[in-house]
Every structure is written in C-alpha cells, then in structure tokens.
Engineer: 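This is the structure I want to talk about, given as structure tokens.
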Amino acid sequence: MSLNTALVSGAAPPRPRAAAPHPVVRLIVQRVALGVVTLAVVSVIIFAATVALPGNAATAILGHSATPAQLHALEVQLHLNRSVFDQYGSWIGGILTGNPGRSLANGLPVWSIVGPAALNSAVLVAVSGVIASIVGVTLGVVAALRKDSLFDHASSVIALAVTSLPEFVVAITLIILFATVVWQVLPAVSLLAPGTYAWANPRELILPVATLVIVTVPYITRMTRAAMVEALASDYVEMARLKGMPVRRVVLAHALPNAIAPVVQVLGLTFLYLAGGIVVVEYVFAFPGIGQSLVNAVSNRDVPVIQMIVLLLAGFYVLVNIITDVVALLATPRRRLPR
Amino acid sequence: MATTPDITASVLPARRRGGWAAIVRQAASLPRGRFGLGVLGLVVAVAVVGPFVAPHSATASIVAPFAGPSGQALLGGDMLGRDVLSRVLDGGWVLLAMAAAATAFGVAVGTASGVAAGYLQGRPDGFIMRTVDVLLAFPQLVFALLLVSILGPTVWLTVLAVGLSHAPQVARVMRAATLDVSERDFVKATELLGVKRRRIMAEEILPNLVSPLMVEIGLRLTYSIVIIAGLSFLGFGQPPPAPNWGIMINENRQGLVLNPWAVVVPAILIALLTIGASTFTDAVARVTIGIDRAAETGALPALVAGAEP
C-alpha cells in the first residue's frame, strides 16, 4: 500500500500539491473495498457461530425442557428448517435492509435493543477517546521535551504499571474512592431509565470515562513521546534551534507536524482498544451500551443480538482503520504512509 | 487493516544471543526486571501455597454476610458469609493455571502459523495472513466472548477461546521475525543440503526466534491474566461457588461499604499479577530488542485489537 502511493507521488509532476486529492481518493477506495471484503468474511464467521452451537441451536437456546411446539417455533424463527446458505442469506439480507430480526431473550426487535445502546456506547467511546487523546498527546510532548527528567522517568514507570491493569480493577478502585468507601461524590452505577440517553445525565458518564481514560492515556503518552523524541532529534529541528528560533515555535511548527502521522496511528489503535474496553467498563457501571448488551446476550445465548453487536464492532474497526490511514496520509507531506 | 509495520530489523537480537535462561538472567539483572520477577513470584507463591494454608473451607459460610474483619475471619466475610481470606488463598491457582495454559496454546498456534507464513511464503502466507487480518477485526475480549458463547462457559473451553484470541497477533510478530531469519546464510545452506522444510522451520528458524518469542510469551501472559480475570468477573469462566479473584470482585462489590476487603484484596492481587508480568516483560524486551525499541513498543500495543505499532 505505502509503496503504491509512494510510486504515485514519485511519478507526479513537479508540483505534487496539484495531484493531492488523487492518492487520497485512491486510498479511500482501496481501503473501503478491503473493508467491505473483511466485513463480509467477518459476517460469515459470526454467522458460523449460530451454526456451530452444539446440537440444534434451538435446543441449545431453549434447553432440554422445551416443548416440541416451542422448539419448532424457534426453528422457524431462526430458519433452521432451511439450508445453511439460505439461513445466511436471510440473516445478512435482514441486516442490510435494517431488519436484523428479534431477540431470542425477550422477543423485541434486535435493533430496538442494539440501536440506543450503540448510541450510548458511541458517546462513551468518543468522550473517552477525545479526552485521552488530548491528555496523552500533551503529556507525551512534555515528556519528550524533558527527556530523562524526573517527569519523564516517573511517567514511564507509572505508564508501565497502569497500562497493564485490567479495566475492572481501575473501575473498582474509582468506585471505592469516589462512589462508596472513601467519598460518595459520584454515582457508582448508571441509573438511566430505559429509552434515555447517556448525555441526559453527564454525572453518570464521569467514572466510566475516567476509567477508560486512565487505561489508555499511558499508552498514548509513551508512543507520542517516542515519536516526538525522534522528531526532536532530526536535522531540521537542530537547524531551527541553531538559527535561534524560540523553542515553542520549534516544537509547534517543526517537530509536532512531523510526529503527527505515527501519533494518529496510536490514536486509531486507542479508539479500537476502547471498542473492546467498553465491554467490561459498561458492565461494571451498568452503563446501558452495547458492551453491557453483549454481556447480557452472551449469558442468555441471545444469538441475533450477539451477532449484531459483534458485526457493529467489526464495522467500527474497519472504519477506524480507514480514517486512521487517510489522516496519516494527509498528515505526511511526502504523501506516504508512515513507515 | 492497519499497515503492517516493518519490525523485522528490530525484533531480532542485536547483540546478545543466548538461550532462555541467559535472557531471563539478563532481564532479572535490571532493576525493573528484579521488581517484576519479585512481584510476580510473590503473587504466584500466594496462589500456589494458599490452598494449603487456608484456615477455612472456601465454600463454607462461617460468619454473617459482609461481616467485617474479626478473629474468626481475618479479612471478614463475603456475600454469603464465607471467609474472604480462605477464598483469596484458594482463588488464585486456577486463574494462574488458566492464564498459563491459554498463553501456551495461543503462542504455540500463533508461532506455528507465523513461522509457516513467513518461511513458506506464497499461498500459505497469503491464506494465513488474510485470516489474521480478518480475525484482528474482533476486539480480543469480544472474540473470546463470541467463542465462549459458542463453546459454553467451561474452564477448558475458556482457555481455548482466550488462547485462540491471542494467535493472530502472535502470528503477525513471528512472521515478521521469520522473514528476516529465513534470509540468513545458514538457512540457505541448510536448504541447499536438501533438508525438509518442516525440519528447517523447527531446527533452524525456531531456535533463532527465542528473543521475540520470549517477549510475546510475556505480553500474552499479561493479557491472558487480564482477559481471563475479566471473563471471570463478567461471569464466564469458573462457575460461581469457585473462589476465583475475578468472581470475588464482582460478587462482593455490592457489599463494598460493609466489607471492602472482600473486593480490595483480590483486586490488589490481580493488579500485582499484571504489573509484575508486564514489568518483567518490559525488562525482557529491553535486553533482547534494545532499550529504545522497547520503550517505543511499550507494554500495551498488543492489548489493542489492531496491529503492533
């Protein structure tokens, strides 16, 4: 990929700026195509989950005490009386037309469960991701500027310890500190009424967001620091310093723009990490998002809901990767992908 | 897909070469290596010796639910009045054994496919790496949850699911390392001798992948602990009466105000476990890959569902 785009820019006329949209459009088209293929394969794998349920899926879901009539009804609902290809066709067709079927646990349309939950999770991921990015990049730049200072070493050690902590340990610690044992200043669990959204009560977002920020900031800090250290050690930064340019301007105008591409990759990975991280965090705080729905669905073996949520998360992965690559490309004047 | 970074050059041992023991010794000579190994050893000791010194049964109710610490129950009682201390002492070894087994399984599958992809090239490479690309679209915990929902929440199947969820990322790293080793003269020489490709992979390539392999084992062990404790916390893993640290945190959190110890102690033990494992892994990465590179790759990258940055 990077080789292709590099060749394109190499062959471009002397004014590469004029050809700017071209490699970007090309990249987007390629990445979207690749993403669609990935999602198609992912959907097959997810679908195989239903087929792979031991024995008949209907029996597995209802248990052995189910009456034959119940079993038959579920078999028809799951289209188990038809061929595997037929089943896949009607499932994926339903999803593409916005009708992914009904939950096996309570009979509600899947979308009425997953839709509002997905919005809540999107808010959680977006708020946490943006805060973590701002804090992490700032700390990383500071650590790079004060390389080998006490701050740098301390942040390195703290980062190493905190990044490896499971989210639920961080979450429980925050609950102990701010919601139960030490102080009672914040709600320990979300008490959102069904049908209301996360932004209706921002106080309930504080602890979930804080948990996700704490587990992701150290990683962003370390990676930003590495990119900045590299940029600061370069010839053009030395040149700028030697000619007497103020440090602030050297950092903001010369070093930072050249560290953006790797940092964008890191931020992309952080958002991807958050998509998995919300599962545990939402469960701890009873936050009504897709992570919590997924845990419930897995314990109920609510296959249509599991399928929909996992597909959504895979779609998010594909989307974030496309955005990351495009931004990284735009941020690199040479129009090459990083590394 | 995220771009595959060119990490081949950095993954290989730059200066020092040596067996497993030499690397562990070198890592343990660093302050952070000593710290990591010490912390890890402490928690493992609690988990292994614990069951033999637990004062009470882990499943018998001996005090009131969420009773505070007393002479009878030093850390108080849990949700059913069971002795928290005994449950803590009893609840580590299964978690550790599951994490170790999942790590071994995941690293074995990932290394086998990564080495095969990197050495055989061509079609096997294309097939394996496309599979890896697709599997990386699932966040690791979600992938494990999906497998658990299919296989059912039994201990061994959970181990299998978590192990499999590691494989794609391990495969990626090991393929990159294999590509570089495959180009070396001694491999070319062995090929000219007409040695079978399977033997070349097992006897020439694998022994030269000790460094990246050890870093991978350390990383995957850390994440196995995080994911398996997480699955237990979510209620998938060992079934309820089992005294598992992850389960304990979840089932006792509604009594946080009455007896915080029932939550705090298992949480601290899990935290020490992951901190110890990741700190020691960091030390291993520093002595094998080099300090700058280790600082750059950090401990977290593989936690992320995507690529190793």
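Only heavy atoms go into these numbers, but all of them, side chains included; no hydrogens, no water, no symmetry mates. Just so it is clear: chains get the letters A, B, ... in the order the sequence lines come, proteins before strands, and each one is counted from 1.
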Engineer: Are any of the side-chain heavy atoms of A:Tyr317 and B:Pro139 separated by less than 4.5 Å?
Structural biologist: no

Engineer: May I ask you to decide if the ring planes of B:Phe233 and A:Phe168 are parallel, tilted or perpendicular, using 30° and 60° as cut-offs?
Structural biologist: parallel

Engineer: Considering only heavy atoms from C-beta outward, does the side chain of B:Phe138 approach that of A:Ile46 to under 4.5 Å?
Structural biologist: yes

Engineer: So what's closer than 4.5 Å to chain A heavy atoms on B:Thr222: side chain, backbone, both or neither?
Structural biologist: side chain

Engineer: Out of curiosity, A:Leu272 CG to B:Gln140 CD, how far, rounded to the nearest 0.5 Å?
Structural biologist: 13.0 Å

Engineer: Could you tell me which non-hydrogen atom of B:Ala271 sits nearest to which non-hydrogen atom of A:Val169, and how far apart they are?
Structural biologist: CB-CG1, 4.1 Å

Engineer: Once rounded to the nearest 0.5 Å, what's the spacing between atom CG of B:Leu146 and atom CD1 of A:Ile45?
Structural biologist: 9.0 Å

Engineer: Using heavy-atom distances under 4.5 Å, tell me whether B:Phe143 contacts chain A through its side chain, its backbone, both, or neither.
Structural biologist: neither

Engineer: Counting heavy-atom pairs under 4.5 Å to chain A, which of B:Ala277, B:Gly230, B:Gly276 comes out on top?
Structural biologist: B:Gly230

Engineer: Which one wins on heavy-atom pair count under 4.5 Å against chain A: B:Val264, B:Leu135, B:Val263, B:Leu256?
Structural biologist: B:Leu256

Engineer: Measure distances from A:Thr173 to the heavy atoms of chain B and classify the residue's part below 4.5 Å as side chain, backbone, both or neither.
Structural biologist: neither

Engineer: Can you tell if the side chain of B:Val142 reaches within under 4.5 Å of the side chain of A:Val279, non-hydrogen atoms only?
Structural biologist: yes

Engineer: Would you check if A:Ile176 and B:Pro260 make a side-chain contact, meaning some heavy-atom pair closer than 4.5 Å?
Structural biologist: no

Engineer: Can you tell which of B:Pro266, B:Ala229, B:Gly235 has the highest number of heavy-atom pairs within less than 4.5 Å of chain A?
Structural biologist: B:Ala229

Engineer: Nearest 0.5 Å, please: how far is CG in B:Leu273 from CG in A:Leu165?
Structural biologist: 11.0 Å

Engineer: Ignoring hydrogens and angles, tell me if any N or O in the side chain of B:Arg253 forms a donor-acceptor pair with the backbone of A:Val284 under 3.5 Å.
Structural biologist: yes

Engineer: Heavy-atom pairs under 4.5 Å with chain B: which of A:Val42, A:Val157, A:Leu294 has the most?
Structural biologist: A:Val42

Engineer: Could you measure the distance from the OG atom of A:Ser164 to the CG atom of B:Asp282? Nearest 0.5 Å is fine.
Structural biologist: 10.0 Å

Engineer: Please classify the contact of B:Leu234 with chain A as side chain, backbone, both or neither, using a heavy-atom distance under 4.5 Å.
Structural biologist: both

Engineer: Can you say whether A:Thr324 sits under 4.5 Å from chain B via the side chain, the backbone, both, or neither, judging by heavy atoms?
Structural biologist: neither

Engineer: Does the side chain of A:Leu160 reach to within under 4.5 Å of the side chain of B:Arg32, using non-hydrogen atoms?
Structural biologist: yes

Engineer: Would you mind telling me which of A:Leu313, A:Val298, A:Ile309 has the largest number of heavy-atom pairs within less than 4.5 Å of chain B?
Structural biologist: A:Val298

